[in-house]
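Both backbone and side-chain heavy atoms feed into the values below; hydrogens, waters and symmetry mates do not. Chain letters run A, B, ... following the sequence lines, proteins first, then strands; residues in each count from 1. Just so it is clear, the structure is predicted and the values come from calculations on it, not from any experiment.
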Amino acid sequence: MAFTFASWNINSIRARAHLVQEWLERNPSCDLLCLQEIKCEDHQFPAVFAEAGLHVATSGQKAYNGVALIGRRPFEVTTHNLPGFEHPSARYIEAKMDDVTIGNLYLPNGNSGGEEGYATKLAFFDALTLRARQFLAEEREFAFIGDYNVCPTDEDLAPNALSATDALVRPQTRAAFRRLLWTGLTDGLRALRPEGRHYTFWDYQAAAFQRNSGLRIDHALLSPRLAQRLTDIQIDRDERAREKASDHVPLIVTV
DNA sequence: ATGACGCCACACTGGCGA
């Protein structure tokens with residue numbers, strides 16, 4: 001039985017609810033959509049999705065961050081925050097659909113707030129890595145999907161798109177990503193496309209999309225059993241060309 | 001190529017985050 005789930009940093013759900021509605025109509029096989037940067041409180045999340053019979057769960061806050069799940073089938077929310085990550089920002093929501101646990105995450109960017117802001121990014125990685133170890137010990141079938149704000153290798157960004165000191169590419173950031181990956185997870189995109197540049201984000205500035213000056217920072221990390229089931233992974237690049245587009249595009253995983 | 005975007009508030013412009 002095929003299961004399809006997707007990640008999309010939407011950069012304000014209230015500004016782009018229509019884009020999500022249209023995307024869901026064009027992608028009827030997507031069972032669960034994981035959104036990041038909804039930029040609103042729970043009660044402000046657009047009602048159109050629930051009204052259309054979809055299942056919705058949110059972990060929101062005022063103005064910044066915020067994550068949400070939109071399902072075609074019911075799911076059970078297992079937590080509204082990442083255990084062990086004490087910072088008061090809405091960056092994680094996790095649910096079980098059928099027998100698969102999906103952790104939907106929005107990792108701190110790490111370029112603001114000085115060294116303290118960067119430390120928050122590493123703290124999120126530490127907590128997520130602990131949760132991965134716990135799930136692996138339970139032999140649970142799971143995926144951690146979302147905006148990691150990390151370009152794992154030099155092949156995951158356009159040449160000169162970022163400075164070497166940017167928090168998205170710092171060696172310490174990449175080491176934290178590898179520590180998580182090397183607990184035994186699989187980077188879904190690289191499992192099926194081991195080479196080449198495949199971006200999920202293009203900055204609004206400096207005509208980045210037109211120049212294809214992008215980054216691969218949205219990732220789906222899969223548990224061993226889920227990785228074995230992986231049949232397809234797509235980056236919906238066309239979404240970036242739409243009017244009023246988010247700066248990120250959907251990443252779609254089929255197992 | 002620094003030419004954008006969305007949010008909020010001491011609000012109609014500027015600061016912040018990304």
Side-chain angles (χ1 to χ4, degrees), chain A residues 7-23 34-46 48 58-68 82 85 87-93 104-125 128 145-152 156-170 172-174 176-177 197 199-219 236-251:
Chain A
S7 172
W8 193 4
N9 179 322
I10 197 62
N11 185 21
S12 172
I13 186 61
R14 289 179 294 174
R16 288 185 244 281
H18 61 291
L19 290 178
V20 176
Q21 284 179 277
E22 289 163 19
W23 188 88
C34 303
L35 297 171
Q36 302 91 36
E37 281 205 89
I38 62 171
K39 289 188 172 178
C40 68
E41 295 178 279
D42 295 334
H43 71 274
Q44 299 174 308
F45 195 87
V48 289
T58 59
S59 181
Q61 67 175 85
K62 188 187 270 197
Y64 304 118
N65 311 317
V67 288
L82 177 60
F85 179 69
H87 195 266
S89 55
R91 294 180 176 275
Y92 190 79
I93 188 167
N104 172 21
L105 64 105
Y106 174 49
L107 235 134
N109 176 292
N111 281 311
S112 65
E115 279 310 302
E116 193 181 322
Y118 186 68
T120 305
K121 179 172 194 153
L122 297 181
F124 193 103
F125 262 117
L128 195 62
I145 189 168
D147 179 359
Y148 282 73
N149 270 313
V150 176
C151 303
D156 296 311
L157 72 163
N160 305 313
L162 298 175
S163 82
T165 57
D166 193 287
L168 278 59
V169 297
R170 275 163 68 166
Q172 220 179 339
T173 306
R174 288 176 166 174
F177 183 84
R197 298 181 191 269
Y199 307 135
T200 63
F201 166 96
W202 294 262
D203 202 293
Y204 290 120
Q205 294 190 82
F209 185 58
Q210 287 78 359
R211 293 185 296 123
N212 196 28
S213 179
L215 313 175
R216 187 173 80 96
I217 53 177
D218 300 274
H219 308 293
D236 190 354
R237 190 181 196 282
D238 293 346
E239 195 62 38
R240 186 65 180 80
R242 301 185 93 82
E243 186 103 8
K244 289 262 291 176
S246 168
D247 41 6
H248 297 248
V249 297
L251 174 69

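Nucleotide dA18(B) holds its P atom 12 Å from the CG atom of Asp166(A), rounded to whole Å. Atom-to-atom, CG of Asp203(A) to P of dC5(B) comes out at 10 Å; the value is rounded to the nearest Å. The interatomic distance linking Glu41(A) (CD) with dC8(B) (P) rounds to 8 Å, in whole Å. The distance from atom CZ of Phe209(A) to atom P of dC5(B) is 14 Å, rounded to the nearest whole Å. In this structure, the CD atom of Gln61(A) is 13 Å from the P atom of dC7(B), given to the nearest Å. Taking atom CG of residue Asp247(A) and atom P of nucleotide dC7(B), one finds them 13 Å apart after rounding to whole Å. Going from atom CG of Asn65(A) over to atom C1' of dC8(B) covers 14 Å, rounded to whole Å. If you take CG of Asp147(A) and C1' of dA18(B), they are 10 Å apart, rounded to a whole angstrom.
No donor-acceptor contact under 3.5 angstrom links the side chains of His248(A) and Ser246(A), judged on distance only. No hydrogens or angles considered: a donor-acceptor pair under 3.5 Å links the side chains of Glu37(A) and Asn9(A).
Between Trp8(A) and Trp23(A), the ring-plane angle classifies as tilted under the 30° and 60° cut-offs. A perpendicular orientation is assigned to the rings of Phe177(A) and Phe125(A), their planes being inclined by more than 60° (bins at 30° and 60°).
For Gln205(A), counting side-chain heavy atoms from C-beta on, the closest listed nucleotide (dT2(B), dG6(B), dA18(B)) is dT2(B). When the nucleotides dA4(B), dT2(B), dG6(B) are ranked by their closest atom to the side chain of Tyr204(A), dA4(B) comes out on top. Checked against dC8(B), dT2(B), dA18(B), the side chain of Glu37(A) finds its nearest nucleotide in dA18(B). With distances taken from any side-chain atom of Asn109(A) to the nucleotides dA18(B), dC7(B), dG6(B), the minimum falls on dA18(B).
dC16(B) and dC10(B) are spaced 16 Å apart, taking the C1' atom of each and rounding to whole Å. Atom C1' of dA11(B) sits at a distance of 15 Å from the matching atom of dG6(B), rounded to the whole Å. On the P atoms, dT2(B) is 23 Å away from dA18(B), given to the nearest whole Å. dC12(B) and dC7(B) have their C1' atoms separated by 15 Å, given to the nearest Å.
Counting only distance, with no hydrogens or angles, the side chain of Tyr199(A) and the backbone of Asn212(A) share no donor-acceptor pair below 3.5 Å.
Here Lys244(A) reaches the OP1 or OP2 of dG6(B): one of its side-chain N or O atoms lies under 4.0 Å away. Within the 4.0 Å cut-off from OP1 or OP2 of dG6(B), at least one side-chain nitrogen or oxygen of Arg16(A) is found. Within the 4.0 Å cut-off from OP1 or OP2 of dA9(B), at least one side-chain nitrogen or oxygen of Lys62(A) is found. Dashed line: the shortest gap from a side-chain N or O of Arg14(A) to OP1 or OP2 of dC5(B) is not under 4.0 Å.
Using a 4.0 Å heavy-atom criterion, one finds that Asn111(A) contacts no nucleic acid atom at all. At the heavy-atom level, Arg91(A) lies under 4.0 Å from the strands shown only through sugar-phosphate atoms.
The residue among Ala206(A) and Gly110(A) whose nearest nucleotide of DNA chain B is located toward the 5' end is Ala206(A).
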Show your reasoning for whether side-chain contact (heavy atoms from CB on, under 4.5 Å) applies to Val150(A) and Leu168(A).
CA-CA 5 Å; Val150(A) 176; Leu168(A) 278 59; 6.0 Å; no
